[in-house]
**Student:** 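First the structure, which I've put down as structure tokens, then a few questions once you've had a look.
Quick caveat: nothing in here was measured; it's all calculated off a predicted structure.
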Amino acid sequence: MKIELIVVGKTATPYLKEGIEHYVKRLTHYVPYEIRTISDIKTSKALTAERQKEMEGELILQQIQPGDRVVLLDEHGREMTSREFAGYLEKAMSTVGKRLLFVVGGPYGFSKKVYDRADGKLSLSQMTFSHEMIRLFFTEQVYRAMTILRGEPYHHD
């Protein structure tokens, strides 16, 4: 199984980009992991928030294949501890076909079509973080989950 994080827009902040790359490199020892970037909508200032969500949603849906499990990183999703998330990934690795996709939407969230296609929603916190930070936090949590599953000393309760 491969884990992919689909995001809208590039990671521009150098220290966040470096942190993300650090954890992506560490993850290669455990599971195939990729961050797939969808380009920002170029004319977004001329669009309503709803129209921007629809356009981004179409681009997100183009990345999804039949059989993929799609989990939206969404403020209204289920919150988990790191150990619960590790258990979630362990179960997914034995039940998901080829790809487990986690998706970070654009600045206004997800379109109805994306919500309709999703198999679940996950919240990383009740707080709001920049989309660039979420990429780092989520990638670190996937790494942490892998070390928990292997009984390695990275995570401390």
Side-chain angles (χ1 to χ4, degrees), residues 1-41 56-111 114-115 117-157:
M1 181 194 74
K2 181 178 185 178
I3 299 174
E4 292 188 26
L5 178 63
I6 298 174
V7 300
V8 176
K10 294 179 184 174
T11 303
T13 308
Y15 70 89
L16 292 173
K17 191 173 185 177
E18 183 179 324
I20 293 165
E21 290 168 359
H22 171 78
Y23 285 107
V24 168
K25 184 177 179 183
R26 285 180 162 209
L27 272 168
T28 61
H29 301 292
Y30 302 98
V31 65
Y33 182 84
E34 179 183 346
I35 298 177
R36 187 182 304 252
T37 304
I38 295 170
S39 297
D40 285 316
I41 304 296
E56 289 167 348
E58 291 302 321
L59 295 173
I60 290 168
L61 292 170
Q62 289 174 13
Q63 303 299 312
I64 300 170
Q65 301 170 6
D68 288 343
R69 180 174 298 169
V70 179
V71 180
L72 306 181
L73 297 183
D74 184 89
E75 63 187 354
H76 301 295
R78 175 180 169 203
E79 290 186 20
M80 298 182 203
T81 66
S82 294
R83 285 203 177 275
E84 289 170 334
F85 183 60
Y88 175 84
L89 288 181
E90 182 176 43
K91 184 177 178 184
M93 286 189 279
S94 66
T95 59
V96 172
K98 291 184 179 180
R99 300 191 315 166
L100 174 58
L101 306 180
F102 292 91
V103 186
V104 179
Y108 301 109
F110 299 105
S111 69
V114 173
Y115 278 116
R117 173 54 184 90
D119 298 301
K121 296 184 290 185
L122 174 67
S123 173
L124 297 184
S125 173
Q126 292 181 23
M127 294 181 181
T128 301
F129 300 106
S130 74
H131 287 210
E132 288 187 341
M133 287 181 179
I134 290 297
R135 298 164 192 186
L136 174 59
F137 296 162
F138 179 77
T139 302
E140 189 277 341
Q141 283 299 301
V142 174
Y143 173 74
R144 180 176 298 273
M146 293 299 121
T147 65
I148 289 170
L149 294 175
R150 293 267 178 100
E152 296 175 359
Y154 182 78
H155 179 76
H156 305 284
D157 288 315

**Student:** Before you tell me yes or no, could you show the steps for Tyr154 and Arg26 under side-chain contact (heavy atoms from CB on, under 4.5 Å), namely the whole-Å CA-CA distance, both residues' side-chain angles and the distance that decides it to 0.1 Å?
**Tutor:** CA-CA 12 Å; Tyr154 182 78; Arg26 285 180 162 209; 3.8 Å; yes
**Student:** Grab the two heavy atoms, one from Glu79 and one from Ser125, that are nearest each other, plus how far apart they are.
**Tutor:** OE2-C, 4.0 Å
**Student:** Roughly how far, to the nearest 0.5 Å, is the CZ atom of Arg144 from the CZ atom of Phe137?
**Tutor:** 12.0 Å
**Student:** Can you see which heavy atom on Gly57 is nearest to which on Ser111, and at what distance?
**Tutor:** CA-OG, 3.8 Å
**Student:** Got more than 12 heavy atoms from elsewhere within 6.0 Å of NZ, Lys121?
**Tutor:** yes
**Student:** Going by the side-chain contact (heavy atoms from CB on, under 4.5 Å) test, name the single residue among Glu34, Gln65, Lys2, Glu4 that passes it with Leu101.
**Tutor:** Glu4
**Student:** Are the side chain of Asp119 and the backbone of Val71 linked by a donor-acceptor contact shorter than 3.5 Å?
**Tutor:** no
**Student:** One pair to check against side chain to side chain donor-acceptor pair (under 3.5 Å): His131 and Arg135. What are the steps and the verdict?
**Tutor:** CA-CA 7 Å; His131 287 210; Arg135 298 164 192 186; 5.4 Å; no
**Student:** Any non-hydrogen side-chain atom of Gln63 less than 4.5 Å from a side-chain atom of Val103?
**Tutor:** no
**Student:** As an exercise, state the distance from CD1 of Ile64 to CZ of Arg99, rounded to the nearest 0.5 Å.
**Tutor:** 8.5 Å
**Student:** Taking only residues two or more places apart in sequence, or in another chain, which ones meet Val8 in a side chain to side chain contact (heavy atoms under 4.5 Å, CB included)?
**Tutor:** Asp40, Glu56, Ile60
**Student:** So among Val24, Ile20, Val142, Leu73, which one has a side-chain contact (heavy atoms from CB on, under 4.5 Å) with Leu5?
**Tutor:** Leu73
**Student:** Considering all heavy atoms of both residues, which atom of Arg117 and which atom of Asp68 are nearest to each other, and what is their separation?
**Tutor:** NH2-O, 2.9 Å
**Student:** Check Gly77 against Ser123 and note the closest heavy-atom contact, atom names and distance.
**Tutor:** O-CB, 3.4 Å
**Student:** Tell me, please, which residues at least two apart from Ser130 pass side chain to side chain contact (heavy atoms under 4.5 Å, CB included).
**Tutor:** Glu132, Met133
**Student:** For Glu75, check side chain to side chain contact (heavy atoms under 4.5 Å, CB included) against everything at least two apart and list the hits.
**Tutor:** none
**Student:** Could you work out, with ring-ring contact (aromatic ring centres under 6.0 Å, His included) as the rule, every residue matching Phe138, not counting sequence neighbours?
**Tutor:** Phe85, Phe102
**Student:** For Thr139 and Leu136, indicate whether the former's side chain and the latter's backbone hold a donor-acceptor pair under 3.5 Å.
**Tutor:** no
**Student:** How far does CD of Glu90 sit from CZ of Arg83, to the nearest 0.5 angstrom?
**Tutor:** 11.5 Å
**Student:** Between atom NE2 of His29 and atom OH of Tyr143, what is the distance when rounded to the nearest 0.5 Å?
**Tutor:** 8.0 Å
**Student:** Considering non-hydrogen atoms only, spot the tightest contact between Val96 and Leu100 and give its length.
**Tutor:** CG1-N, 4.1 Å
**Student:** Once you round to the nearest 0.5 Å, how far does OH of Tyr88 lie from CG of Leu122?
**Tutor:** 7.5 Å
**Student:** If every non-hydrogen atom of Lys10 is compared with every non-hydrogen atom of Thr37, which pair is closest and at what distance?
**Tutor:** N-CG2, 3.9 Å
**Student:** Taking only residues two or more places apart in sequence or in another chain, which ones pass side chain to side chain contact (heavy atoms under 4.5 Å, CB included) with Leu59?
**Tutor:** Ile38, Ile41, Gln62
**Student:** How far does CG of Leu149 sit from NE2 of His155, to the nearest 0.5 angstrom?
**Tutor:** 11.0 Å
**Student:** Quick check: do Glu152 and Tyr30 have side-chain heavy atoms less than 4.5 Å from each other?
**Tutor:** yes
**Student:** Mind checking ring-ring contact (aromatic ring centres under 6.0 Å, His included) for Tyr115 and listing every partner two or more places apart, or none if nothing turns up?
**Tutor:** Phe110
